[in-house]
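Indexing begins at 1, ligand by ligand and atom by atom, following the structure's order.
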Amino acid sequence: MSSISEASIRQAYSWARERYDALGVNTETALANMAKQPISLHCWQGDDVRGFETDAGGTSGGILSTGSYPGAARTGDELRADYEKALSLIPGKHRVNLHAIYAETDGVSVPRDQLKTEHFRKWIDWAKKLGVGVDFNPSCFGHPMAASGFTISSADEHVRQFWVRHVEVCRAISADIGKEMGSPCVMNIWFPDGMKDQPADRLGFRQRMKDALDAVFATKYDREHLIDVLESKLFGIGVESYTVGSHEFVMGYGLKNNLTICYDMGHFHPTESVADKISATLLFAEDLLLHVSRPVRWDSDHVVILNDDLLALAQEVKRCDAFNRIYFALDFFDGSINRIMAWVTGTRAAQKALLIAMLEPTHLLREAESAGDYGRRLALLEECKTLPFAAVWDMFCLQSGVPVGTDWVDLAGTYEREVLRKRVQGAGL
Ligand code: RNT
Ligand code: ZN
């Protein structure tokens with residue numbers, strides 16, 4: 001299957017292993033840890049956040065998927081087939097991340113505040129078959145009840161209660177999923193609520209959001225089944241002046257009410273480092289969800305690549321020894337390129353960052369730092385950048401039975417020709 005011989009992968013790995021060994025880093029441990037480090041793959045990259053509702057769906061509330069590359073999944077079966085393809089090109093065992101708009105209701109229109117676990121039965125059974133965990137998200141956007149720009153903080157009681165009920169049913173569904181899968185379902189709540197121009201009553205909306213959340217969280221679930229998460233945001237397109245669920249709101253509400261908080265890499269000012277927030281947050285929070293994304297000038301949700309921001313994030317998790325306290329989830333949606341390639345590129349990039357971090361000789365950096373030898377610290381950091389992590393990565397792919405190096409790209413291309421392109425030509429539905 002591989003265009004690179006197994007012998008050469010093993011030889012390169014054994015050299016790399018020696019190099020890391022000399023720095024006191026065990027590559028075998030890193031490989032074992034990578035194999036048990038899940039990343040939650042978001043279903044919404046497969047269809048540009050459209051979902052399956054017949055009368056609503058799509059993006060709004062400041063989020064936007066651009067591009068009309070052919071081949072987007074149109075049904076649950078197509079999306080699951082695409083997922084399986086992507087998962088076959090990614091090393092390790094992962095999780096799937098669903099949004100409420102991906103309910104399958106047999107053509108019947110089921111309002112979002114009346115969704116039930118049975119509407120996700122196909123997803124659950126499929127995930128069981130694949131042996132992957134399932135995470136979940138209420139969908140508080142792309143809906144007539146969100147048209148005013150406000151959902152759970154709306155001044156309109158009718159609108160507010162609708163979204164309270166939606167999040168409540170999503171929690172019940174998530175708890176059921178977590179219980180059935182035997183692995184807690186991480187349910188992330190994001191509200192688009194905000195204003196294009198300066199509000200006069202910032203407090204009123206936040207007070208209503210707080211009260212609504214109190215109602216939502218009045219029902220208690222076992223954390224063995226459900227992990228409640230709240231995601232903050234700085235601004236959205238058309239929602240530039242005010243975001244109700246700002247960072248301070250979410251951090252305050254989350255910490256006070258024992259919820260997990262989510263940092264999305266695109267939800268802060270471009271000069272703010274999300275990596276820097278990890279250690280500060282973990283002193284006060286048990287765990288943390290990271291939405292691994294890539295902002296380009298704004299919260300554009302570009303496909304994740306192995307850049308400095310991503311590396312810094314992974315390094316901070318390693319340096320805080322916090323792999324067991326962080327949930328990694330992807331959050332990007334690029335409709336302008338092959339969507340399977342987007343998924344696989346982003347996931348593999350995130351995993352490479354984690355691996356590089358796991359292979360870091362952190363103890364040597366710390367020694368230099370505590371000796372006050374910052375020149376040595378900087379020199380070591382630079383040398384670390386060119387350590388042969390790629391040979392360890394290739395070994396991880398080989399051990400996981402997925403394509404090594406660039407081989408996966410051709411396989412994704414074949415899938416595009418044989419499956420995705422046919423969708424456009426009218427076959428399928
Ligand atoms: C929006 C948030 C949120 C969404 C997904 C679709 O800015 O990042 O996480 O991207 O729920
Ligand atoms: Zn996000």
*Asks:* Which is it for H267 and ligand 1 at heavy atoms under 4.0 Å: side chain, backbone, both or neither?
*Replies:*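 It is the side chain that gets close, since no backbone atom is under 4.0 Å.
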*Asks:* Can you find a heavy atom in the side chain of W126 that is under 4.5 Å from one in the side chain of L130?
*Replies:*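 Yes, side chains in contact.
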*Asks:* Taking side chain as C-beta onward, heavy atoms only, is F141 less than 4.5 Å from H99?
*Replies:*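 In short, these two side chains touch, coming nearer than 4.5 Å.
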*Asks:* For H291, what is the atom name of its N, O or S atom nearest to the Zn ion (ligand 2)?
*Replies:* ND1
*Asks:* Parallel, tilted or perpendicular: which fits the ring planes of W163 and H166, with parallel below 30° and perpendicular above 60°?
*Replies:* perpendicular
*Asks:* Are the side chains of E316 and S279 in touch, meaning some heavy atoms are under 4.5 Å apart?
*Replies:*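 Of all side-chain heavy-atom pairs linking S279 with E316, at least one is under 4.5 Å.
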*Asks:* Can you list the atoms of ligand 1 that are under 4.0 Å from a heavy atom of H291?
*Replies:* 9 (O)
*Asks:* In E231, which N, O or S atom comes closest to the Zn ion (ligand 2)?
*Replies:* OE2
*Asks:* Any idea how Y253 and F249 line up, ring-wise: parallel (<30°), tilted (30 to 60°), or perpendicular (>60°)?
*Replies:*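 Ring orientation of Y253 relative to F249: parallel.
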*Asks:* Applying a 4.0 Å heavy-atom criterion (strictly less than), which segment of D301 is in contact with ligand 1: side chain, backbone, both, or neither?
*Replies:*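 No part of D301 comes within reach of ligand 1.
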*Asks:* Any sub-3.5 Å donor-acceptor pair from T347's side-chain atoms to W343's backbone N or O?
*Replies:*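 Checking the backbone N and O of W343 against the side chain of T347, a donor-acceptor pair under 3.5 Å is found.
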*Asks:* Only one of D287, D228, N258 forms a side-chain hydrogen bond (donor to acceptor under 3.5 Å, both in side chains) with R223, so which one is it?
*Replies:*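 For R223, the side-chain hydrogen bond (donor to acceptor under 3.5 Å, both in side chains) check succeeds only for D287.
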*Asks:* Looking only at N, O or S atoms, find the one in D264 nearest to the Zn ion (ligand 2) and name it.
*Replies:* OD2
*Asks:* Could you say whether the N/O atoms of E231 and ligand 1 ever approach to under 3.5 Å?
*Replies:*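 The answer is yes, given that E231 and ligand 1 share an N or O pair closer than 3.5 Å.
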*Asks:* Is the Y263 ring parallel, tilted or perpendicular to the H247 ring (thresholds 30°, 60°)?
*Replies:* tilted
*Asks:* Provide the number and element of each atom of ligand 1 under 4.0 Å from a heavy atom of D299.
*Replies:* 7 (O)
*Asks:* Going by the atom numbers of ligand 1, which of them fall below 4.0 Å from some non-hydrogen atom of F333?
*Replies:* 10 (O)
*Asks:* Is the NZ or CZ atom of R208 positioned over F205's six-membered ring, under 6.0 angstrom from the centre and within 45° of the axis?
*Replies:*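 Geometry flag: set, cation within 6.0 Å and 45°.
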*Asks:* Taking just the N, O or S atoms of D331, which one is nearest to the Zn ion (ligand 2)?
*Replies:*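 Result: OD2.
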*Asks:* Closer than 4.0 Å to some heavy atom of I63 - which atoms of ligand 1 meet that?
*Replies:* 1 (C), 7 (O)
*Asks:* Which of these, H99, K233, H42, has its nearest heavy atom closest to atom 6 (C) of ligand 1?
*Replies:* H99
*Asks:* Of all the non-hydrogen atoms in the protein, which one sits nearest to atom 10 (O) of ligand 1, and at what distance?
*Replies:*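 Its nearest protein heavy-atom neighbour is D331 OD2, 2.8 Å.
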*Asks:* Based purely on interatomic distance, does D264 place a nitrogen or oxygen under 3.5 Å from a nitrogen or oxygen of ligand 1?
*Replies:*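 Between D264 and ligand 1 (N or O atoms, distance only) the closest approach is under 3.5 Å.
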*Asks:* Would you say ligand 1 has an N or O under 3.5 Å from any N or O of W44?
*Replies:* no
